[in-house]
Structure formats: structure tokens, C-alpha cells
Amino acid sequence: MSHDIFYIFIVSNVLSALALYLCAKRLLKFRRRQKRSFTFKSYPIQKCQLEDVHPCFAQDHLGPNPNSAVYFIGGEGVEASLSDRETWVVAALAKFSKRIFEFGTCSGKTSHIMGMNLPKEGRVYTLTIHPSQLEELSFENDDDRLHENIAKEEAKFDTFYYSDLSTSEKIEQIFSDSKQFDETKFKNSFDLILIDGAHTRSYVMSDSRKAFSMLKKGGVILWHDYKPEAPDVFSYLNELASELPLRHISGTDFVIFQKAS
Ligand SMILES: C[S@@+](CC[C@H](N)C(=O)[O-])C[C@H]1O[C@@H](n2cnc3c(N)ncnc32)[C@H](O)[C@@H]1O
């Protein structure tokens with residue numbers, strides 16, 4: 001008899017655990033589908049046009065303003081490249097920035113383009129994890145697993161697009177896990193900050209907090225990959241937009257924040 005009770009106890013526990021597992025799985029699937037359902041809806045963050053980003057983009061009846069001319073290289077064949085329109089935005093903003101910080105170097109093509117467009121005395125700091133530092137990554141349980149793997153796969157560069165070019169004199173490469181990077185020595189010092197490192201919730205939150213503390217008055221933060229396919233970036237920015245005046249730049253995956261002067 002006591003054996004029967006024991007077996008019933010075991011079987012009912014196993015069944016409860018199985019039911020819990022299946023419920024959790026369904027919930028996670030539902031959550032993922034909810035995030036992706038934005039694909040056919042307008043995104044929550046209000047759109048802005050390029051001319052709202054900087055006066056150099058103001059157009060007349062002939063088209064783009066000559067002040068928006070930049071040194072440019074297209075993204076074909078470049079790993080994790082910005083689109084050509086996004087590159088134009090970054091390159092044009094770089095022309096009016098003395099100090100730039102980039103989270104996530106990857107090939108270094110964007111760092112090079114920013115370096116080419118900077119004013120003479122300008123400087124780009126670009127931070128990325130070195131392939132030998134992968135064990136320093138610290139993801140959390142609710143971080144998006146797909147983007148955790150992408151962050152690891154993209155951490156394979158230790159020389160960069162600009163390495164043998166003259167722009168390297170204007171670019172300072174920092175190798176670190178971004179959570180371990182000490183931003184305190186750069187307080188209020190950057191005109192332009194591009195957040196394009198690990199696209200998981202805990203990292204985008206940590207990188208954003210650091211960016212806010214490093215941003216100068218009148219400076220700009222750009223987040224890349226504001227889209228449902230990068231669900232942690234997408235949901236974090238949608239939440240942040242309820243506290244701060246964020247704008248989604250039309251025709252790009254950029255969200256922009258401008259600090260008051
Ligand atoms: C999307 S790519 C950056 C693309 C680059 N900004 C461009 O425009 O060409 C992301 C980069 O962030 C780096 N990365 C990922 N996780 C990181 C972390 N925790 N700390 C520092 N860099 C990280 C990856 O190694 C990769 O080089």
C-alpha cells in the first residue's frame with residue numbers, strides 16, 4: 001500500500017512538472033509571437049525625418065542639401081553592416097562631432113567612415129570584445145538567446161577595416177566586454193554615441209546607461225537595430241520612450257535621443 005502511495009506521489013509530481021514545462025513553453029512562444037506581431041503594425045516610437053535629425057539634411061526642390069555630403073563606402077560584403085542610408089546619417093553627424101563613441105566595432109567599417117568624416121581634431125573611440133575575451137561575456141537568464149549567439153559569433157575581429165589606413169590615427173580601439181568597461185573617465189564627453197554592441201536586454205540596458213553618462217550636452221545617442229527581429233533592443237527602447245523623447249529615424253533602424261544643450 002505504502003508503495004502505491006509512493007508511486008502515485010512520484011507520477012503526480014512528474015505530471016505536474018511536465019504540465020508546468022509545457023505551460024512555460026507556450027507562454028514563451030506567445031511572448032515571442034507578440035514581439036514579432038509588430039512586423040505589420042507601425043512601431044511604437046514616433047518617426048522623424050532626416051531633416052529633424054540635423055539641419056544638414058534639409059532638402060530643397062533639387063533634393064539633398066550639399067552640406068550633407070560625406071565620405072562614403074557602401075556596405076556590400078561587410079559583416080553586420082549598417083544600411084547605406086544609416087551610414088549616411090552617421091557619416092553626416094560625424095562631420096559635426098568632435099568626439100564619438102561606438103559600442104560594437106565588428107569589421108570597423110563604420111568606425112573608419114566616422115573617422116573619415118570627423119573634423120580635423122576629432123576622435124573616435126570604438127569598443128568591442130576581443131575574440132580571446134569571450135569568457136568575460138555575462139548574459140542574463142532573460143537575455144535573447146539568438147542575439148547572445150550572434151554577439152559571440154561577431155566577436156571574431158582583432159584587426160579592422162581602418163587598421164592599415166590613415167584614419168587609424170583618429171581611432172582609439174578599446175577591447176573590453178562592455179559591461180566591464182569603466183565609463184566614468186568619459187563623463188559628459190561625447191557628441192555622438194552609437195550603441196550597436198550585444199543586442200540582448202541586459203547589454204543594451206547597460207550600454208545605454210553608460211552612454212547617457214558619457215553624453216555631452218547637445219550630444220546625440222543612436223541605437224541601431226530598432227526592429228522586432230532584435231526583440232530585446234525593440235522592447236527596451238519602446239519602454240524607454242515612455243520616459244524620454246526618443247525618435248525612430250525614417251527609413252532606418254535607428255532610434256535617436258538628443259540631450260538638451
Ligand atoms: C552589430 S556588430 C557592430 C557593427 C558596427 N557598429 C558597424 O556598424 O559595422 C556588434 C559588435 O559588438 C561586439 N560585441 C558584442 N557583445 C559585446 C560586448 N559584450 N562587449 C563589447 N562588444 C561586444 C561584437 O563582437 C560585434 O563586433
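For ligands, and for the atoms within them, numbers begin at 1 and follow the listed sequence.
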- Item | Per atom 16 (N) of ligand 1, closest listed option by heavy atom (S202, A198, C106, A155) | A198
- Item | Check: F254 ring centre within less than 6.0 Å of Y226 ring centre | no
- Identify the closest protein heavy atom to atom 11 (C) of ligand 1: which residue and atom is it, and at what distance? G104 CA, 3.6 Å
- Could you list the atoms of ligand 1 found under 4.0 angstrom from a heavy atom of S178? 18 (C), 19 (N), 20 (N), 21 (C)
- Message: Salt bridge or not between K179 and E136? Use side-chain N to carboxylate O under 4.0 Å.
- Response: no
- Item | I249 side, atom CD1; K47 side, atom NZ - distance, nearest 0.5 Å | 11.5 Å
- Message: Between ligand 1 and I129, is the shortest N or O to N or O distance under 3.5 Å?
- Response: yes
- Item | side-chain hydrogen bond (donor to acceptor under 3.5 Å, both in side chains) between Q133 and S176, worked out | CA-CA 7 Å; Q133 293 172 321; S176 170; 5.8 Å; no
- Message: Side chain, backbone, both or neither: which applies to Y203 and ligand 1 if a contact is any heavy-atom pair less than 4.0 Å apart?
- Response: side chain
- So, W88 versus F57, ring centres under 6.0 angstrom or not? yes
- With a cut-off of 6.0 Å (strictly less than), are more than 12 heavy atoms of other residues, nucleotides or ligands near OH of Y71? no
- Task: Quick one: look up the protein heavy atom nearest atom 19 (N) of ligand 1 and list residue, atom name and how far away it is.
- Result: D177 OD1, 2.8 Å
- Task: Heavy-atom distances under 4.0 Å are what count here, so tell me which part of V78 touches ligand 1: side chain, backbone, both or neither.
- Result: neither
- Message: Can you confirm whether or not the ring centre of H130 sits under 6.0 Å from the ring centre of F175?
- Response: yes
- Give the atoms of ligand 1, by number and element, whose distance to some non-hydrogen atom of S176 is under 4.0 Å. 20 (N), 21 (C)
- Give a yes or no on whether the ring-centroid distance for Y236 and F234 is below 6.0 angstrom. no
- Honestly, for S81 the part within reach of ligand 1 (heavy atoms, under 4.0 Å) is neither
- Message: To the nearest 0.5 Å, what is the distance between CG on L82 and CZ on R85?
- Response: 13.5 Å
- Message: Can you tell me which portion of E102 lies within the under-4.0 Å heavy-atom range of ligand 1? Options are side chain, backbone, both, or neither.
- Response: side chain
- Task: Kindly confirm or rule out an N or O of D196 lying under 3.5 angstrom from an N or O of ligand 1.
- Result: yes
- Query: Ring centroid separation for F139 and Y203, is it under 6.0 angstrom?
  - Reply: yes
- Query: Identify the closest protein heavy atom to atom 2 (S) of ligand 1: which residue and atom is it, and at what distance?
  - Reply: E154 OE1, 3.3 Å
- Query: Going by the atom numbers of ligand 1, which of them fall below 4.0 Å from some non-hydrogen atom of L127?
  - Reply: 21 (C)
- Can you find an N/O atom of T110 closer than 3.5 Å to an N/O atom of ligand 1? yes
- Message: Within ligand 1, which atoms have a heavy atom of A151 less than 4.0 Å away?
- Response: 15 (C), 16 (N), 25 (O)
- Item | Any N or O of L82 closer than 3.5 Å to N or O of ligand 1 | no
- Note on the structure: Residues at least two apart in sequence or cross-chain that pass salt bridge (charged side-chain N to carboxylate O under 4.0 Å, His left out) with E239, listed by chain then number, are R201
- Message: Among all protein heavy atoms in this structure, tell me which lies nearest to atom 13 (C) of ligand 1, with the distance rounded to 0.1 Å.
- Response: T128 OG1, 3.5 Å
- Message: Below 3.5 Å, N or O to N or O, backbone or side chain included: is there any such pair between H199 and ligand 1?
- Response: no
